[in-house]
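Quick notes on the structure that follows.
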Amino acid sequence: MPSKKIAAFTPYFTEDEAGRVRAAFLAAGPLEGDASVSDFIVRATMREVKRLERKHNHGRKWEPAPAGSLRRGQRTRDELQHRNEVD
């Protein structure tokens with residue numbers, strides 16, 4: 001089986017969010033099969049990607065977007081105020 005090339009992303013978390021991520025991983029990550037916090041973040045992210053594909057793409061996988069096609073950097077203050085998250 002050929003190995004898959006690893007692509008790097010840098011998510012930006014607030015101090016509180018990062019603390020919660022670390023706490024969740026320490027409490028449950030190994031029990032869920034995650035060997036590292038990176039494994040934990042990838043698994044959680046891919047679960048959300050699959051949910052969005054079901055909701056917005058008729059359950060089909062989206063075509064991969066090429067590297068360099070995303071905006072870089074952190075969210076603006078306006079984006080932080082208007083993001084749709086439930087605590």
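In what follows, residues are counted from 1 in the order of the sequence shown. Computed from heavy atoms alone, side chains included, the values below leave out hydrogens, waters and symmetry copies.
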Spatial distance of atom NZ (K61) from atom NZ (K50) [nearest 0.5 Å]: 7.5 Å
Between V49 and V42, is there a shared hydrophobic cluster once you connect ILVMFWY residues whose side-chain heavy atoms come closer than 4.5 Å? yes
Value rounded to 0.5 Å, distance of CD in E63 from CG in N57: 9.5 Å
Taking only residues two or more places apart in sequence or in another chain, which ones pass side chain to side chain contact (heavy atoms under 4.5 Å, CB included) with L52? E48, H56, W62
Yes or no on side chain to side chain contact (heavy atoms under 4.5 Å, CB included) for I41 and F9, after CA distance, side-chain angles and deciding distance? CA-CA 11 Å; I41 292 169; F9 281 92; over 6 Å; no
What pairs with R43 under side chain to side chain contact (heavy atoms under 4.5 Å, CB included), at least two apart in sequence or on another chain? E32, D34, F40, R47
